[in-house]
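Just the heavy atoms: all of them, side chains too, but no hydrogens, waters or symmetry mates, feed the values below.
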Amino acid sequence: MSRTKKTAVLVAERGGEWSGWVEPLRDDVDDIAIVLQRQGESPSELATRVRERVAELQLEGELVAAALVGGDRWDPDTLSARSLMIRAIVSQMVPTGQGRLFLDGGGRAGRGRHAMQALAAVVEDQVGGGIAVLTQSPAVAPMAPARAA
């Protein structure tokens, strides 16, 4: 009997503190795809790469978890790109009716963090109950129970 490969995607904008997400996401999945914003890459170019990568992952298995780690920007272009990335990620989770999306606006209080929380509220209203949308840091984010040895 074959088992579907469970995958997570970790997306980080420039300046986002993403490394703390690797271990918490690893507990849930067989593989993690990491997409980092390149130097000089616009938010819309990053969104295009994320959408392409998510489409590839869908062919390989089931997308069950994702983290979007925001950088220091929160301008309209960045917010629009985040929306596109989130839509691409969630659209792959919706068919299974389950998954977890973490939206990390960073540890600093401020507009960027509030913008990510506002996006989370909108997404949560649109996706229904099967997909959890969380804005917690990896240190406090609830992950899957420990696997039995």
Working to the nearest 0.5 angstrom, can you tell me the gap between [X] [atom1] and [Y] [atom2]?
X      : Y      : atom1 : atom2 : answer
Gln37  : Arg14  : CD    : CZ    : 7.0 Å
Arg53  : Ile34  : CZ    : CD1   : 10.5 Å
Lys6   : Ile32  : NZ    : CD1   : 14.5 Å
Leu68  : Trp21  : CG    : CH2   : 10.5 Å
Gln92  : Thr7   : CD    : OG1   : 11.0 Å
Leu134 : Leu101 : CG    : CG    : 8.0 Å

Closest heavy-atom pair and its distance - [X], [Y]:
X     : Y     : value
Ala12 : Leu46 : O-CD2, 4.4 Å
Ser91 : Ala88 : OG-O, 2.9 Å
Ala65 : Leu25 : CB-CD2, 4.0 Å
Leu63 : Met93 : O-CG, 3.5 Å
Ser44 : Ala81 : N-CB, 4.0 Å

Residues forming a salt bridge (charged side-chain N to carboxylate O under 4.0 Å, His left out) with [X], sequence neighbours excluded:
X     : answer
Glu41 : Arg49
Asp75 : Arg73
Glu52 : none

Item to check | Stepwise side-chain contact (heavy atoms from CB on, under 4.5 Å) check, Val69 with Phe102 | outcome: CA-CA 8 Å; Val69 182; Phe102 298 94; over 6 Å; no

So, does [X] use its side chain to make a donor-acceptor pair with the main chain of [Y] at under 3.5 Å?
X     : Y     : value
Asp30 : Lys5  : no
Glu45 : Ser42 : yes
Glu13 : Gly71 : yes

Next on the checklist: Evaluate Arg51 against Glu56 for side-chain contact (heavy atoms from CB on, under 4.5 Å), listing each step before the verdict.
Outcome noted: CA-CA 9 Å; Arg51 288 191 316 251; Glu56 291 170 4; over 6 Å; no

Item to check | Single-linkage hydrophobic cluster Leu36~Leu10, side-chain heavy atoms < 4.5 angstrom | outcome: yes

Checklist entry - Do the side chains of Asp104 and Thr135 get nearer than 4.5 Å, heavy atoms only? => result no

Next on the checklist: If you apply the rule side-chain contact (heavy atoms from CB on, under 4.5 Å), what do you find for Leu57 with Val9, and how did you get there?
Outcome noted: CA-CA 9 Å; Leu57 293 173; Val9 64; 4.1 Å; yes

Next on the checklist: With no hydrogens and no angle check, just 3.5 Å: does a side-chain donor-acceptor pair link Arg82 and Thr78?
Outcome noted: no

